[in-house]
Amino acid sequence: MTSRDIRQAFLDFFKSKGHQIVPSAPVVVKNDPTLMFTNAGMNQFKELFLGEAAVKYPRVADTQRCLRVSGKHNDLEEVGIDTYHHTLFEMLGNWSFGDYFKKDAINWAWELLTEVLKLDKDRLYVTIFEGDATEGLQQDLEAFDLWKALVPEDRILLGNKKDNFWEMGEIGPCGPCSEIHYDMRSDAERQEVRGQDLVNMDDPQVIEIWNLVFMQFNRLKDGSLVSLPAKHIDTGMGFERLVRAIQGKSSNYDTDVFQPLIQFIAQKSGIQYGADEKTDIAMRVLSDHIRAVSFAIADGQLPSNNKAGYVIRRILRRAVRYAYTFLNFKSPFIHELVPVLAEQFKGVFDELYQQQDFVEKVILEEEVSFLRTLTQGIQRFESYAVDHQVIEGDFAFELFDTYGFPIDLTELLAREQGLSVDMNGFQQALLAQKERSRAATAIDTGDWVLVNEDSESTFVGYDSLKAHTEIIKYRKVSAKGKDQYQLVLSETPFYAEGGGQVGDTGYLHNLDSNEKISIVDTKKENGLFVHFVNQLPSVLTGDFEAVVNVEKRKDTEANHSATHLLHAALKQVLGDHVNQKGSLVSADVLRFDFSHFSKVSYEELKQIEDIVNAKIREDIPLKEERNVPYQQAIESGVTALFGEKYGDHVRVITFDDQYSKELCGGTHVRATGQIGFFKIMSESAVAAGVRRIEAITGTRSEQVIREHFELLDNLKGILNNPKDFVSALSKVIDDNSALRKEIDNYIKEKSQGLKDDLERKLEKIGDINYIATVVDLPSADAVKTLAYTLKGAINNLFLVLGANIDGKPNLTVMISDELAKDRGFHAGNIIRELAKEIQGGGGGQPFFATAGGKDASGLERAIAKSREYVK
């Protein structure tokens, strides 16, 4: 079976068992502060396990692309070295939300593996949870009995809490699990050592392929476990490992999942795969990393210097480094893998195929940049190695942190020079950085405290800016030494941050006590609207009124609707290739990132601005459609954003059916005329192939226009209100330029006169031509010009000039090259001593140095002191 056949067989099997097949969520996580990337198949269903969203389909199955390169799930350094770790991988999964439980999950898993996919039963082993006395948890006898009906007892192994009790995190849903392992060794190897003895022992040929999690507990903040109101099934099967088992390969990389990429790399490099372990590892790294980077970019995460963007950049740079070091690719190559990958996943994950050109260009730009950095880093290493016997840990970390050098590259370069690397020092520096990062981002989140247990939370903010409500629950959160509280309300008009739009602010009014508590932000976490407050209401029960800050909401809505008009205008002026790559919509500004590979010209910006303002003047009414079937919306020509996870039903925002029609969950003006006026403030580059426009609307645009007119009126007043302001200002500039030329000529003439005077005052001390005096010049540049003029005219010159410039003392030391070289004079060292006389400091090169100070009366003392150096 091909990998495509295997994937489809899994989905078809669970569809036949009544499961709804759902699409993969984007690999980049939004609206979950605990995750940067989707690292498990269950991530997109987290709110269902937490009971924070209604269950639409009690049975679900999918193939989810996952990324494990950060946090505790970090396999990056193993990738390419072994045969089964990956950065990006597919997780085949089936879920039950309060429907079936252990019996069906176990029976269907065995049926699929042995009857549909025809895996050898004699090579399969299963594990169950052995129990944990400290937690008061019993052995999972139910799972044992179910497996016993399918496999011999000696193939049912007991696993400890680490291996067989799955937890979402430190808190949250959890439960015992049952793993399925497959022995891929030869018959001869199996005769020598039993497979049972190698399960969970990191043997590369006896590996876990499927994990069946029986979600039945919730872990609280204090570490205790409570039973969930409903029991769930959460399974995850590693697609790449499954394909390897079915295709009978000894490595994931030998399957048709990776071989098209690896053979392309081999052809382009002229190196046969399998010829050498080092080049094999490099090819595996490239074939793996291009998947992670490409899908992350397609899902909206561009490489950058922070957070998720930094992770993607690091993965790509690791690939570039392997290509450069082991495959001899000295020019950009990795971007050429994108078309191969896009074709491979066409019809499975079409996001990449649809954005192939964009992803390819982004990767190319990153490659060019890093190859330049890589060269600089190697030069930095070579310069350092000249004077050192050991590469110190701090320097190795500098190469890692600044130039993106993995430590193994530094070790490789060191070995080539016969040097060693202080690995302890490097690990200490790396640990210190991680601790700093952890401390900066650490958030201590308490358990939810229920106030009204039976209430459900409803958002009414599309239709109202006020709502009578109750507090459902609250919890305390602490970050960076600051305590806040999060509230969940039964009914809320507050829009939660999402889709680029900032969260609403306002207040919560206790109608009984008249107490008002400020709501400082609103965010969405796993589908739940969470309101941030700096203090809790004195009384948590009773009737409240939640009130949104009306002015801020209106200004934000104006900016959000303007982004829709801007997006359409950009497509109209620049072309259909334009797609949104990010946005920020607040009350003060709108920021819109879009795909485009050249600077937007002034004329194009003017045209875009004119189109948007024309649409504003048309006062086009908002057409809002809620709960539209997703496929129906797409077929109607709506603009959907790559990297967004849409449900089966969506909200469509339209301003003129022929102009702007987008899927959007944000809030908007009732008609475009309410936007007021649209003004682009800047256009710039964000990343390779991505441009950014910042603009203002509404009250902010009125304020800026008023400020500009006030500035213009002030400038006119300074020029006595001329009729032709531009001509008058041009004349002032021209007159000023002419005066500057006259002053420059005067200074040159004065410097020439001083040069002649100083040449006459030259004192011969041995073979040194010594000049030291205070001169009357208006600027440091004039003194510098005089010094260089004298240096060019006089051999063996030792020159010290003092000057009082705008009441501040200035010293200059100029020494001829021959004196600096032959006699060891160093102007920088000399001037540091002389500057003490004027209560100042300075420095410079061996032949030229300057200093400034506070005490002008010390100039003569400094001049006199200079004679000591030439006696």
Task: Derivation and outcome, side-chain contact (heavy atoms from CB on, under 4.5 Å), residues Ile207 and Met184 - done: CA-CA 8 Å; Ile207 60 174; Met184 303 185 189; 3.5 Å; yes
Is it true that [X] and [Y] make a salt bridge, defined as a side-chain N closer than 4.0 Å to a carboxylate O?
X      : Y      : answer
Lys102 : Asp140 : yes
Arg219 : Asp447 : no
Asp299 : Arg65  : yes
Asp132 : Lys162 : no

- [ ] Only pairs at least two apart or in different chains count here, so list each ring pair (Phe, Tyr, Trp, His ring centres under 6.0 Å) that has a residue in residues 108-135.
- [x]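 For residues 108-135: His19-Trp108, Tyr100-Trp108, Phe129-Phe165.
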Task: Pairs involving residues 234-260, ordered by first then second residue, that meet ring pair (Phe, Tyr, Trp, His ring centres under 6.0 Å) (sequence neighbours left out) - done: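 Pairs touching residues 234-260 that pass the test: His86-Tyr253, His86-Phe258, Tyr253-Phe258.
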What I want to check is whether the side chains of [X] and [Y] have a donor and an acceptor closer together than 3.5 Å.
X      : Y      : answer
Ser3   : Asp256 : yes
Asp12  : Gln8   : yes
Arg185 : Gln191 : no

Separation between [atom1] of [X] and [atom2] of [Y], rounded to the nearest 0.5 Å:
X      : Y      : atom1 : atom2 : result
Thr235 : Asn94  : OG1   : CG    : 3.5 Å
Leu337 : Ile290 : CG    : CD1   : 5.0 Å
Gln344 : Phe264 : CD    : CZ    : 12.5 Å
Gln267 : Ser269 : CD    : OG    : 9.5 Å
Phe214 : Cys177 : CZ    : SG    : 8.0 Å
Leu242 : Leu119 : CG    : CG    : 6.5 Å

Task: Identified side chain to side chain contact (heavy atoms under 4.5 Å, CB included) counterpart of Ile312 within the set Leu67, Leu302, Thr87, Val28 - done: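 Between Ile312 and the candidates, side chain to side chain contact (heavy atoms under 4.5 Å, CB included) is satisfied uniquely by Leu67.
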Task: Partner of Val293 by side chain to side chain contact (heavy atoms under 4.5 Å, CB included), out of Leu341, Val362, Leu316 - done: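 Between Val293 and the candidates, side chain to side chain contact (heavy atoms under 4.5 Å, CB included) is satisfied uniquely by Leu316.
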Within a 6.0 Å radius of atom [atom1] on [X], are there more than 12 heavy atoms belonging to other residues, nucleotides or ligands?
X      : atom1 : answer
Lys56  : NZ    : yes
Lys268 : NZ    : no
Glu111 : CD    : yes
Lys221 : NZ    : yes
Gln272 : CD    : no
Tyr353 : OH    : no
Lys161 : NZ    : yes
Asp202 : CG    : no

Closest non-hydrogen atom pair between [X] and [Y], with its separation:
X      : Y      : result
Ile233 : Ala105 : CD1-CB, 3.8 Å
Leu409 : Phe405 : CD2-CD2, 3.5 Å
Val27  : Cys66  : CG2-C, 4.1 Å
Leu112 : Ala9   : CD1-O, 4.4 Å
Val285 : Val79  : CG2-O, 3.6 Å
Leu327 : Ala282 : CG-CB, 3.8 Å

Does a side-chain heavy-atom distance below 4.5 Å link [X] with [Y]?
X      : Y      : result
His85  : Arg68  : no
Asn164 : Glu179 : yes
Thr83  : Asp254 : no
Leu228 : Gln216 : no

Anything under 30° is parallel, anything over 60° is perpendicular, the rest tilted; go ahead and classify [X] against [Y].
X      : Y      : value
Phe397 : Phe400 : tilted
Phe14  : Phe10  : tilted
Phe295 : Phe345 : perpendicular

Open item on the list: Keeping Glu240 on the side-chain end and Phe89 on the backbone end, is there a donor-acceptor pair under 3.5 Å?
Closed with: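 Checking the backbone N and O of Phe89 against the side chain of Glu240, no donor-acceptor pair under 3.5 Å is found.
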Open item on the list: Please check: side-chain N/O of Arg190 versus main-chain N/O of Gly195, any donor-acceptor pairing under 3.5 Å?
Closed with: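 Not confirmed, Arg190 side chain does not pair with Gly195 backbone.
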Task: CA sep, side-chain torsions, deciding dist, call: Arg194, Asp183, salt bridge (charged side-chain N to carboxylate O under 4.0 Å, His left out) - done: CA-CA 10 Å; Arg194 299 189 317 159; Asp183 188 347; over 6 Å; no
Open item on the list: One pair to check against salt bridge (charged side-chain N to carboxylate O under 4.0 Å, His left out): Glu277 and Arg284. What are the steps and the verdict?
Closed with: CA-CA 10 Å; Glu277 180 64 12; Arg284 293 199 289 266; 3.2 Å; yes
- [ ] Identify, with sequence neighbours excluded, every residue that meets salt bridge (charged side-chain N to carboxylate O under 4.0 Å, His left out) alongside Glu189.
- [x]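 None.
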TODO: Let me see the working for Phe45 and Asp234 under side-chain contact (heavy atoms from CB on, under 4.5 Å), right down to the final yes or no.
DONE: CA-CA 10 Å; Phe45 307 114; Asp234 163 20; over 6 Å; no
